[in-house]
Amino acid sequence: MNRRRVVKVPASSANLGPGFDVLAGALDLTLTVEVEETGEFAVITDLPVPTDKSNLIVRAFETLHSADDFRFTVTSEIPLTGGLGSSASAILAGVAAADHIFELGTDLLAQSTKLEGHIDNLAAALYGGFVVCTRGHVARVQPPAGLEGVIAIPPADHSVPTEQARAALPPDVPMREAVASIAHSAYVVLGLERDDWDLISRGLDDVLHQPRREHLYPQSMQLVRSARGLGALGATISGAGPSVLIWTTWENTGNVLEAARAAAPGWDLRRVTFAQGGLDVIV
Ligand code: HSE
């Protein structure tokens, strides 16, 4: 019988405002990859991604084993550009598929970081929930019941390459900004742990990276700044942008979604919940 696995990986939003490169959360938008040993290489998908060996899922798979005899069937709810962790999810899917099929016992996070330098999206997509991560250590935080979001994705021509976003940041930052970031990150994590919406709301503002990248996503920053006026707890640029994660509680999400639609015409706005679970492999 052909060896076959189905791998499901959630989207993720990194930074969560003040937690640059450290905080991230998994979102309930899913990448699904079916990998089957058919004796022939193929990538089947409707997505605008390569279908040869340069496909990111295939490249990740091939860090562990040749993909020559495998067919990859890919569907995804995760927008490909925008800062929702689509690359991290693709890499994890490829690595996890090869690891399971060949029973390798791979450290999925370490293996995946060989292709994706930043651990934040990878850790959230792998473990689900929220994560506090540094290279070598990940602490998971359970998403509070009732916390939701609206993800606002600008049109494709607003996309921001991560390299450009990283180049906008200086090697060092002033002490007062570092201190503010420590405080705000602590509020966010404490708020998540305590189901305390006020603490989360107080923590979401960032002074470290979003203002320095504002010229790359000016309309996204306008939406971030207007979020509380729309009835939300606050908003954060998702990863390196330009998508915006607007934070809400379940009873407000519908109203915030409507208000955000009016504030960002032409954008793709979706209600999201934070995913409890991370990567899943189905035999
Ligand atoms: N934390 C990264 C950044 C993006 O903001 O550049 C996601 O890995």
Side-chain angles (χ1 to χ4, degrees), residues 9-27 29 31 56 60 78-93 95 108-141 149 151-154 158-173 177-178 180-182 184-185 188-189 203-218 220-221 223-224 235-245 272 274-275 278-279:
V9 196
S12 53
S13 183
N15 299 333
L16 310 184
F20 179 71
D21 275 357
V22 169
L23 299 183
L27 303 172
L29 302 168
L31 166 72
L56 193 52
I78 310 175
L80 290 179
T81 54
L84 293 165
S86 60
S87 303
S89 302
I91 292 166
L92 275 171
V95 168
L108 299 182
L109 200 54
Q111 188 69 17
S112 298
T113 52
K114 291 180 182 169
L115 287 180
E116 160 92 36
H118 310 128
I119 195 176
D120 43 12
N121 287 109
L122 288 169
L126 179 59
Y127 297 115
F130 290 97
V131 290
V132 182
C133 55
T134 51
R135 204 165 275 276
H137 191 79
V138 179
R140 185 181 177 283
V141 180
I151 194 79
I153 306 148
H158 290 49
S159 78
V160 177
T162 302
E163 306 75 56
Q164 205 181 338
R166 294 200 79 84
L169 302 180
D172 302 300
V173 295
E177 292 180 6
S181 290
I182 294 165
H184 284 197
S185 298
V188 170
V189 176
L204 290 177
D205 293 329
D206 164 65
V207 294
L208 214 56
H209 60 103
Q210 293 179 179
R212 292 192 167 89
R213 291 170 164 176
E214 180 160 359
H215 61 288
L216 298 172
Y217 42 55
S220 302
M221 281 305 292
L223 188 57
V224 166
T236 51
I237 299 287
S238 191
S243 294
V244 176
L245 176 60
V272 286
F274 294 98
L279 178 141

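Numbering of ligands and ligand atoms starts at 1, following listing order.
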Does D21 pair with R166 as a salt bridge, N-O distance under 4.0 Å? yes

Taking every heavy atom of V188 against every heavy atom of P18, the minimum-distance pair comes out as CG2-CG, 4.2 Å

Between S13 and L27, the two heavy atoms sitting closest are CB-CD1, 4.1 Å

Within a distance under 4.0 Å of any heavy atom of [X], pick out the atoms of ligand 1 and give their elements.
X    : value
R213 : 3 (C), 5 (O), 6 (O)
H118 : 8 (O)
D21  : 1 (N), 2 (C), 3 (C)
N15  : 1 (N), 3 (C), 5 (O)
N121 : 7 (C), 8 (O)
F20  : 3 (C), 5 (O), 6 (O)
G239 : 5 (O)

Under 3.5 Å, N or O to N or O, is R166 touching ligand 1 that way? yes

Before signing off on this row, confirm whether D120 and ligand 1 have an N or O atom pair separated by under 3.5 Å. yes

Taking NE2 in H137 as the centre, count heavy atoms belonging to other residues, nucleotides or ligands within less than 6.0 Å. Is the count above 12? no

Heavy-atom side-chain contact between V138 and L109 under 4.5 Å: yes

Side chain of E214, backbone of M221: donor and acceptor closer than 3.5 Å? no

Do the side chain of T236 and the main chain of L16 share a donor and acceptor less than 3.5 angstrom apart? no

The one among S238, G241, A240 that brings a heavy atom closest to atom 4 (C) of ligand 1: A240

